[in-house]
Amino acid sequence: MTSKVIYFTVNGSPEQAEFRADCPAQDVKDLFRAAAEAGPHDILKLYNTKGNIINISPKLEPNSPQSRYKLEVVAADCNSEPFGSELAVALGFDLSVMEKRLQSLEKKILGEAGETPSIVYEMKNQVESFREKLESVEHLSWLGLFKELSSTGTHKPSPFYHKRALRKTREECEHVRENFLQMSTLEVTEEVRQYLKTPTFDNWQWEDAEIMVLLQLMYTDLDFITTFHIELEVLQQFLYEVYKHYNNIPFHNFNHCFCVTQMMYGLIWLTDLRSKIDEIDLLTMLTSAVCHDLDHTGYNNAYQINARTELALRYNDISPLENHHCAVAFEILEKPENNIFRNLTTEQYKRIREGMIKCILATDMTRHNEILNQFKSILPEFNFSNKVHKDNLMMIMIKVSDISNEARPMDVAEPWLDCLLQEFFNQSDMEKLEGLPVSPFMDRDKVTKPSSQTGFIRFVLFPLFMELANLFPNLEQHIIDPVRKALDYYTEMEKALEKEKKEKQNRAQSEKAAKEKSMMTSQLEPKKPANGNLPKPGGSSTAKPNPPAAPTLKHIDK
């Protein structure tokens, strides 16, 4: 079935939509609704070049960029309170309406029963708590609560930082590039050179331009510049393009790219890999680390597949992100001014391309067990001259580098965990809003910092790191011992949180029991008659007051 391409403008910005001719009408409407960033109850209108309204449906006539349709939000759901209106649109219901219904319910019960049951207080507290959470949590910026900060222009707001665009601005990139080129000729001290070769290196002390200088230093100190005739200007332009193609997201950003590359660089020196495999393989490994997360937008493969994104469709649900990272890497290298491999022979380039694809695709965690089990099977007879063995080692090396934060000192590693959880939580929030399966290890309502790490360290990090240390025993002190300390740290944190949770539950139960006891006592006490006279004891003509009936909730129609 052929596809249609529709060109249109929304808020003055040119857009285009593509869908199949047999696409359901509702899907087409939802597509245009998303393009206009409209809420579920907003009214959209599509105008042709003559100013006539046309129907938004699969029967739309294809047009050209010169005859764009015009999409407008002509009516939007709104309340007197700006926050309430935007929240109602974003969530699909109005929180203020819920509060009014609760007030009505409370008044009705109070009139019938004479007092308000505790369940109504609990409901009010839950609604108020929900409102406070929505009003105070900055990570919900994509709900539209910070629209005034997203500004106009071609850069759409990041779902993570409402004050920054997802893509880097041209001004931001040019500023970093200028600083990088000014510093690129500086001589790095021997102390820093040696520090750069260790897993204890602190990335948080370095700015983007400085990080680019350190990446350049890695290529220089491994003799890649001389061996592969890489012009310094080309290397600098390549690193700059890499920097530009990492996005402003909490975890999978340019700083993460540097950390993975720095760990790979350190492992090459710590294992004396230069004496064991060819330099072209080392160049492949280091460049793979540099490029391994290019243009990551902060949503993992599960989200891509469940949301049926363009990447998932393009790569048939097979490692959409990793395939995209590879594609972006070779798009950068396709331009001569960026191509650090341009002086290699055809066979050398073919070998590097094949190796980079294998390494970057190996970072898909759904392939973790497959790659690790293959490495374990060849480990007893590992041979550095065997291509299959060597290829598997290269994949293991980039996997270790990719998830190596816990091998770093705690003051370096823990901030990375905070960044990762921020990215995870934002994804699960989006999954909830879009009605997609929620990734269980990303749900902010279920995951804590220690619980996210203890299982990961035990069942992912340790098995992987230990197998690499079996091949290179000296890595035990460099990557295994720090991970053991990290596991102890998060285990103790988990115990402390569990203890605090139990104490909180016990306090809540005690307060609830005291409240119920107080209510029962007040119900059993005799009420004072309307005339103000207390009943006379023993008089047959004076009836004893009946205890008030227990309050009940009646069904109230919506």
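Hydrogens, waters and symmetry mates are skipped; everything else that's a heavy atom, side chains included, is used.
The pair Lys350-Glu347 fails the salt-bridge criterion, with no side-chain N (NZ, NE, NH1 or NH2) lying under 4.0 Å from an Asp/Glu carboxylate O. Salt bridge status for Glu241 with Lys244: present, with a side-chain N to carboxylate O gap under 4.0 Å.
Annotation: Phe258 is in aromatic contact with Phe201 [ring centroid separation under 6.0 Å]. In this structure, His292 has its ring center no closer than 6.0 Å to that of His252. In this structure, Phe456 has its ring center no closer than 6.0 Å to that of Phe441.
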(request) Would you check, one step at a time, whether the test salt bridge (charged side-chain N to carboxylate O under 4.0 Å, His left out) holds for Arg351 with Asp278? (result) CA-CA 12 Å; Arg351 180 173 163 185; Asp278 296 342; 2.9 Å; yes
(request) Test salt bridge (charged side-chain N to carboxylate O under 4.0 Å, His left out) on Glu187 and Arg193 and set out the steps. (result) CA-CA 10 Å; Glu187 184 68 26; Arg193 287 174 183 266; 3.1 Å; yes
(message) Before you tell me yes or no, could you show the steps for Ser404 and Arg408 under side chain to side chain contact (heavy atoms under 4.5 Å, CB included), namely the whole-Å CA-CA distance, both residues' side-chain angles and the distance that decides it to 0.1 Å?
(response) CA-CA 7 Å; Ser404 62; Arg408 302 181 185 276; 4.2 Å; yes
(message) Determine whether Asp295 and Asn247 satisfy the following criterion, side-chain hydrogen bond (donor to acceptor under 3.5 Å, both in side chains), listing intermediate values before the conclusion.
(response) CA-CA 6 Å; Asp295 198 35; Asn247 294 320; 3.1 Å; yes
(request) Give the intermediate values and the outcome of salt bridge (charged side-chain N to carboxylate O under 4.0 Å, His left out) for residues Lys387 and Asp391. (result) CA-CA 6 Å; Lys387 185 179 185 305; Asp391 287 350; 2.7 Å; yes
(request) Would you check, one step at a time, whether the test salt bridge (charged side-chain N to carboxylate O under 4.0 Å, His left out) holds for Asp402 with Lys399? (result) CA-CA 5 Å; Asp402 191 23; Lys399 283 177 61 60; over 6 Å; no
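Remark: of the listed residues Leu344, Val234, Asn343, Asn343 is the sole one forming a side chain to side chain contact (heavy atoms under 4.5 Å, CB included) with His229. The residue from Ile277, Leu273, Asp272 that alone fulfils the side chain to side chain contact (heavy atoms under 4.5 Å, CB included) condition with Ser275 is Asp272. Among the candidates Arg484, Gln453, Lys485, the single residue satisfying the side-chain hydrogen bond (donor to acceptor under 3.5 Å, both in side chains) test with Glu406 is Gln453.
In this structure, Trp269 CH2 and Gln194 CD are separated by 8.0 Å, a value rounded to the nearest 0.5 Å. In this structure, OH on Tyr240 lies 10.0 Å from NE2 on His245, to the nearest 0.5 angstrom. For the atom pair Leu421 CG and Asp418 CG, the distance stands at 6.5 Å (nearest 0.5 Å).
Ring geometry for Phe384 against Phe472 counts as tilted: the plane angle lies between 30° and 60°, on a 0 to 90° scale. Relative orientation of the Trp416 and Trp204 rings is tilted, given thresholds of 30° and 60° on the angle between their planes. The aromatic rings of Phe224 and Phe228 are tilted relative to each other, their planes meeting at an angle between 30° and 60°.
Counting all heavy atoms, side chain and backbone alike, Phe462 lies closest to Leu487 at CE1-CD2, 3.6 Å. Contact detail for Asp317 and Ile305: the closest heavy-atom pair is O-CD1, 3.5 Å. Across every non-hydrogen atom of Glu279 and Leu222, the tightest pair is OE2-O, 4.1 Å. Between Ala329 and Met356, the shortest heavy-atom distance links the atoms CB-CE, 4.4 Å. Pairing each heavy atom of Leu461 with each of Ile403, the nearest pair is CD2-O, 3.2 Å. What you find for Phe382 and Lys390 is that their closest heavy atoms are CZ-N, 4.3 Å.
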